[in-house]
Visitor: 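What follows is a single structure, and I will ask about it in a moment.
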Amino acid sequence: MVPVRRVVRRLRSVFLMIAGTLVAGEASQAQQSDGTLAFRGYLQGYANTDNEVFWNFDYWAAVADTLAAEGFTAIVWYGPNELTNGQHMLVRHDEFPEARELTPERNDSIIDLWQRIFDHARTQGLENYLMTQHIFFTRAFADEHGLLNPGPNSPTVSHWQERGYPNFWPGDPAPIHNCCVRTELTRAYTEAVYVELIDTYQSLDGFWGFSGEPVPGNRSTFYRDAILPGLQRASRPMKFVANQWQIPLNEFVENILGSDSSGNLWLGFHGFNSEQITDSKPYPGVLLWSEVTGLPTIPEVYPANQLFFPFNSPKFAHEIVSSIASNTGLAGYLYYERHISGRILGPLFRQALAAYGRDLVPYSPDPWIRQLAELTGNRQAAHHLLNAYDACTRVIPETTALVYSGGDVMRRELRMPYEFFAEPFPWSYVTSPARGGRLVPIRHYASMIARDRERFASNGSDPSVAPFYQHPVWGSEGGSIYDVTPIEHMARVVEIGASCQTQADSAYALATSGSEALAETRDVMEGVYRLSQYYEKKVAAAIASLVFAESADSTDLATAERAADEALDAYIWAAEFMHERLDPYYQRISGGPLNEAGVLIPDLIEAERRDRAEIGQIFGWR
């Protein structure tokens, strides 16, 4: 195997030969001399034109005012437009008038509105970026040029074209088929849209561009062939944060970095901990890309594994900002705020992320206690509430650091199916990359237990169990650390969950105001605590099931059956509480009850019962 450092040296030498004008040291210039983060970005979605909020300038002005006051430096605007879903919206299509779908009057009204919005954000000290994706074009353009039936999947036609790409904005047909075709015509169209966006909106500062999915063929060359010519032809320089999503590193270096020597190219990384948050440290891939490219790097802080429960710890935000600031190639972050866990229940995390990015002082709970004291009526209650938020923020990240998947598709928040542990998914053999080898993967642990229970049941740190002395039995770093077994790790998760509840109970008991809101918060924290116990029981049952699947020992079968019964009981205990006490609350604050990928709590309970009934089949018991 070729050492990673050698690969880095090779890629960097290639990059230097191609680009010649930019060296890795320049990335450090992205951080300001006082150590604050130059780019503190917030992803702000906007609705489609059939939603009255779209047209409400005062609403968008207030959003910008709030973000600027909190300490953000940039808004990345994300919504329907020519370069996200192919909808005619933000440009007039002067070069390709056959792409027009709006009347001139309607088109002008949208343009005028967004000019005002961008202008206002700029007056508040915020940069405006538009999130873009490729390849999309209007339905009218597709009809005119026969792009809706371009033929089978090929290097010029992505499979997404026939399948239809998801459209995230109601008001326009879904899925999208006016996309994913790569010809000279669609290349020229994309170039023209970039030119017109830059020339139309003088308060637009740049683009956050996903250069990969769903581009057919070599995705990295589309930047060189279509996007960069538009940036070069426009009337003024424009920053482009090229997101690396689904592009190989060597091709990014050769075709994106190697084609652009403007100095306006930055690297966007999806994301800080992939499509989730497990750790305050970035995953190794972020640092590798930053080192190899030498570009100022903006990772996305994207807590997609925590959708419902408060992601609201200022301390955790401070840890993330401190970690970013300690790596000179990282120039800041883009925060994807989740609708409920963040925007509704987690404003402290957002505020802290911006505040500490602007002024990286040592962490102190005092400013956050002062803010929470306005709700609770006294500082002591506020202190307990802050502790509850910190614990709640960590329960799910700590769980998913062990029950690991870098994607956001297979959810583990409200229920963890046995399939997650039983199927040979590539990621089921690893844990959080930020932990290195410290966490022992569940499948590895079960396999070793089945082979030598006495040796591998502990990590070797407990002298009270056989062989009655301490030694690093796993030894992933040659005995330099004591690895953490899944059993130990999940016991710690339950401790954090218990802190969640006890701290919320104390806050409620000591508060002199806001009792109704605190009672609801206390219920949410109890839900997290109950889930933490379920997580522990489910992991234990999965381990026991994997052990029996390998050992075929009758004693292990009894252990697995008992553990599975306990996991089911723990889930029913947690889920019935959430359905009775939390669903009405979430219905009120968000318009819908708790759900896992659209499946409601009662149906999740039935799914858990099926999991228990089919456990032998799932794990392939002999």
Side-chain angles (χ1 to χ4, degrees), residues 32 36-49 51-84 89-91 108-132 168-169 197-209 236 238-241 266 268 298 300-303 311-312 314 317 321 331-359 367 371:
Q32 299 174 14
T36 60
L37 303 181
F39 190 100
R40 306 187 293 275
Y42 184 86
L43 182 72
Q44 177 61 57
Y46 60 87
N48 214 323
T49 53
N51 189 315
E52 62 182 17
V53 175
F54 177 91
W55 301 97
N56 189 338
F57 171 79
D58 291 338
Y59 173 84
W60 300 116
V63 166
D65 294 347
T66 298
L67 294 175
E70 290 177 348
F72 288 94
T73 63
I75 301 179
V76 176
W77 299 94
Y78 177 48
N81 64 61
E82 288 78 358
L83 296 176
T84 53
M89 181 174 289
L90 296 180
V91 299
D108 286 344
S109 65
I110 294 173
I111 291 172
D112 291 344
L113 171 68
W114 282 92
Q115 283 177 331
R116 292 179 63 205
I117 292 170
F118 291 156
D119 288 347
H120 180 82
R122 179 77 74 79
T123 65
Q124 300 306 301
L126 293 165
E127 290 186 310
N128 294 292
Y129 291 77
L130 192 66
M131 181 171 280
T132 58
F168 303 106
W169 301 281
L197 284 168
I198 296 169
D199 291 350
T200 299
Y201 300 99
Q202 294 302 305
S203 291
L204 183 65
D205 297 284
F207 299 96
W208 185 283
R236 57 196 174 92
M238 183 68 51
K239 187 182 295 182
F240 193 90
V241 184
W266 284 31
I298 313 295
E300 300 160 8
V301 177
Y302 179 42
F311 195 75
N312 202 29
V321 170
Y333 58 80
L334 174 63
Y335 178 39
Y336 279 38
E337 189 167 41
R338 308 308 300 184
H339 172 60
I340 298 174
S341 67
R343 191 169 305 152
I344 297 177
L345 299 180
L348 297 185
F349 181 87
R350 182 192 68 241
Q351 294 167 23
L353 200 65
Y356 291 122
R358 176 180 56 196
D359 185 13
Q371 185 170 333

Visitor: Is there side-chain contact between Lys239 and Tyr129, with at least one heavy-atom pair below 4.5 Å?
Guide: yes
Visitor: Test Tyr78 against every option in Phe207, Trp169, Tyr42, Phe168 by the ring-ring contact (aromatic ring centres under 6.0 Å, His included) rule and name the one that passes.
Guide: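 Exactly one candidate clears the test, Trp169.
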Visitor: For the side chain of Thr132 and the backbone of Leu83, is there at least one donor-acceptor N/O pair under 3.5 Å apart?
Guide: no
Visitor: Which pairs with one or both residues in residues 66-75 pass side-chain hydrogen bond (donor to acceptor under 3.5 Å, both in side chains), sequence neighbours excluded?
Guide: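 The answer is Glu70-Arg350.
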Visitor: When rounded to the nearest 0.5 angstrom, what distance separates OG1 in Thr84 from CE in Met89?
Guide: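 Those atoms lie 7.5 Å apart.
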Visitor: Measuring only between side-chain heavy atoms, which start at C-beta, is Phe72 closer than 4.5 Å to Phe39?
Guide: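 Heavy-atom side-chain distance check fails, nothing below 4.5 Å.
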Visitor: Would you call Leu345 and Asn312 a side-chain contact if the rule is heavy atoms closer than 4.5 Å?
Guide: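 No, every pair of side-chain atoms sits at 4.5 Å or beyond.
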Visitor: So, do Leu90 and Thr200 sit near enough that their side-chain heavy atoms are less than 4.5 Å apart?
Guide: no
Visitor: For Tyr302, check ring pair (Phe, Tyr, Trp, His ring centres under 6.0 Å) against everything at least two apart and list the hits.
Guide: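 Once residues adjacent in sequence are excluded, the partners of Tyr302 under the ring pair (Phe, Tyr, Trp, His ring centres under 6.0 Å) criterion are His270, Tyr336.
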Visitor: Do Gln44 and Val63 touch side chain to side chain, with heavy atoms closer than 4.5 Å?
Guide: yes
Visitor: Applying side-chain hydrogen bond (donor to acceptor under 3.5 Å, both in side chains) to Gln371 and Gln351, what does each step give before you reach the verdict?
Guide: CA-CA 11 Å; Gln371 185 170 333; Gln351 294 167 23; 3.2 Å; yes
Visitor: Answer yes or no: is there a donor N or O on one side and an acceptor on the other, between the side chain of Arg122 and the main chain of Gln202, under 3.5 Å?
Guide: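 Side chain of Arg122 to backbone of Gln202, a donor-acceptor pair under 3.5 Å: yes, one is there.
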Visitor: Does Trp77 use its side chain to pair, donor to acceptor, with the backbone of Leu43 at less than 3.5 Å?
Guide: no
Visitor: With a 4.5 Å limit on heavy-atom distance, are the side chains of Trp60 and Val53 in contact?
Guide: yes
Visitor: Please evaluate residues Ser203 and Asp119 with respect to the criterion side-chain hydrogen bond (donor to acceptor under 3.5 Å, both in side chains), reporting the C-alpha separation (whole Å), side-chain torsions for both, the decisive distance (0.1 Å), and the verdict.
Guide: CA-CA 6 Å; Ser203 291; Asp119 288 347; 2.5 Å; yes
Visitor: Return the orientation label for the Trp114 and Tyr46 ring planes: parallel under 30°, perpendicular over 60°, tilted otherwise.
Guide: tilted
Visitor: Are Arg116 and Phe57 in a cation-pi contact, defined as NZ or CZ under 6.0 Å from the six-membered ring centre and within 45° of the axis?
Guide: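 Because its charged atom sits under 6.0 Å from the ring centre and within 45° of the axis, Arg116 does stack over Phe57.
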Visitor: Going by heavy atoms in the side chains, are Trp208 and Ile298 under 4.5 Å from each other?
Guide: yes
Visitor: If we ignore hydrogens and angles and just use 3.5 Å, is the side chain of Ser341 paired with the main-chain N or O of Arg338 as donor and acceptor?
Guide: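 Not a single qualifying donor-acceptor pair exists.
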Visitor: Can you tell if the side chain of Tyr333 reaches within under 4.5 Å of the side chain of Glu300, non-hydrogen atoms only?
Guide: no
Visitor: Would you call Asp199 and Arg236 a salt bridge, using N to O less than 4.0 angstrom?
Guide: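 Here Asp199 does not pair with Arg236 in a salt bridge, since their nearest N and O are not under 4.0 Å apart.
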